[in-house]
2 protein chains.
Amino acid sequence: MPSATVENYLKSILKLSMECERGEVPMGMIATSLGVTPGTATSMMKNLQKEKWLSYKSRKGVRLTPSGKKIGMIMIRRHRLLETFLVETLGLDWSEIHDEAEVLEHAISEKVLERLDIFLGKPRHDPHGHPIPTKNGIIRRLPKKTLLDSLVGTKMKIESILDQSPEFLNFAQAKGLMPGRMVTLVKNEKVADTIELQVEKMPKFSLGYKTAQKILVSD
Amino acid sequence: MPSATVENYLKSILKLSMECERGEVPMGMIATSLGVTPGTATSMMKNLQKEKWLSYKSRKGVRLTPSGKKIGMIMIRRHRLLETFLVETLGLDWSEIHDEAEVLEHAISEKVLERLDIFLGKPRHDPHGHPIPTKNGIIRRLPKKTLLDSLVGTKMKIESILDQSPEFLNFAQAKGLMPGRMVTLVKNEKVADTIELQVEKMPKFSLGYKTAQKILVSD
DNA sequence: TGCTACACTTTGACTAATCAAAAATAATAC
DNA sequence: GTATTATTTTTGATTAGTCAAAGTGTAGCA
């Protein structure tokens, strides 16, 4: 029923509301996240409210209703299952799948998606380590621990890569920085906001603090 | 570059021009084939001409340019490869794949399509027996021989099913009327415009002339 | 040759999604 | 407590694709 555009709005708002937990999602974030002007976002919010997908308070922000959340969750599921398919089955590169899935997610039906899910063996997370919601919209919570939250010398398991940009993903792949791998924090240079890492038997390398915070780990 | 709508117009016009070979495709056929009003078709033709995808002569009809033909052919390729994937890999039913492919064909990129082609083993035809154009837009010509063009007693190989409707496809599947199977013309009742058929060891059944013309065969 | 019926075109209107730019409001600084 | 800045809303315009309904051409028939 919702258009591809609406699906994108709801997916983005859901993601934003999960990241910055603060009740309402502000207009500005929605506009930048979707790459539209603020005015466009405002007018779209009124439509989405009319359709009961969210509640909108002028100059406050926006909060999804259960039905809006459901649609957003479906879109995340579609996106991540498609990404998994593109890597696992068709052998596309880690870094090129995001944009492909971004388009396909609006075209695939529930019926085909469920077949795909079975074909892939009902995966729990996509190639970047992001959890795949169930059909009913239940999603595993990601650990909050990043590469910065351990002491030097600790060995950690990489859980998830939050940065979606092809450039960073290519870099990460080259360094072995992928979900499932073990990584050791070799050095932590606070003054230079840089850490040094080593993935298994691969060469050491450095990462800035900002980037390091986009890699989630567990012990 | 072309929108999904334009892709659909060009695909339909290409198919119509291959079916009824008569130079120009008339407006009326385009409108019915796309399910739009005649006025809509007329105004769209002017846009498509402006983009050099076809030439349009008022009250005469329309003829694709090479670039328009190329896009149409790409769409047919996408559609048929997707149908093959949906049946072969995901196990969807013969009768439900058309509409799914109709949507997905506008969302799949060339890169993903080529991977899919390789994954499927570069199939030559889709599950209905329709030839799949190559990447360069070369398409095998279908035989023109239908179930009606043989004498009683002849054994023929089913090449292609032209009727796309789920209802007929379900019927055809139940009777074993699928590409690759051998079928024998048991009886031909001209006065009742009906033929009787038997596929391999399955029970005999009847088909009207009109329907029988939508099944292509070879000896 | 002229009339009728059908095929096609024109016109005007509508919807979804967007932008640019002006106006309003809130937040922050001083 | 005003002034400045940042954020958000309004307004008016634009584009692609569509329809309904009125107008125009044309081919066949009598």
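No hydrogens, no waters, no symmetry mates; every other heavy atom, side chains included, goes into these values. Every chain is numbered from 1, with letters handed out A, B, ... down the list of sequences.
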J.: What pairs with B:Lys144 under side chain to side chain contact (heavy atoms under 4.5 Å, CB included), at least two apart in sequence or on another chain?
T.: B:Arg141

J.: What is the first contacted nucleotide of DNA chain D and what is the last, in 5' to 3' order, if contact means an atom lying under 4.0 angstrom from a heavy atom of chain B?
T.: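 Nucleotide range in contact with chain B: D:dG17 to D:dG25.
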
J.: Under 3.5 Å, side-chain donor or acceptor atoms of residues 25-32 of chain A against the rest of the protein: list the pairs with distances, not counting sequence neighbours.
T.:
residue, atom, partner, partner atom, Å
A:Thr32, OG1, A:Gly28, O, 2.7
A:Thr32, OG1, A:Met29, O, 3.3

J.: Going by side chain to side chain contact (heavy atoms under 4.5 Å, CB included), name the residues that satisfy it together with B:Glu114, two or more places apart in sequence or in a different chain.
T.: B:Arg77, B:Glu110, B:Asp117, B:Lys135

J.: If the sugar-phosphate is the primed atoms plus P, OP1 and OP2 and the base is the rest, what is the B/S/- string for nucleotides 4-20 of chain C, using protein heavy atoms under 4.0 Å?
T.: ---BBBB------SBBS

J.: Sequence neighbours left out, what passes salt bridge (charged side-chain N to carboxylate O under 4.0 Å, His left out) with B:Glu24? Give chain and number order.
T.: B:Lys57

J.: Filter on ring pair (Phe, Tyr, Trp, His ring centres under 6.0 Å), then keep only pairs touching residues 9-57 of chain A, sequence neighbours left out; what's left?
T.: none

J.: Taking only residues two or more places apart in sequence, or in another chain, which ones meet A:Lys52 in a salt bridge (charged side-chain N to carboxylate O under 4.0 Å, His left out)?
T.: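 For A:Lys52, no residue satisfies salt bridge (charged side-chain N to carboxylate O under 4.0 Å, His left out) once neighbours in sequence are set aside.
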
J.: With sequence neighbours excluded, tell me which residues meet ring pair (Phe, Tyr, Trp, His ring centres under 6.0 Å) with A:His79.
T.: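 With sequence neighbours excluded, A:His79 shows a ring pair (Phe, Tyr, Trp, His ring centres under 6.0 Å) to A:His98, given in chain and number order.
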
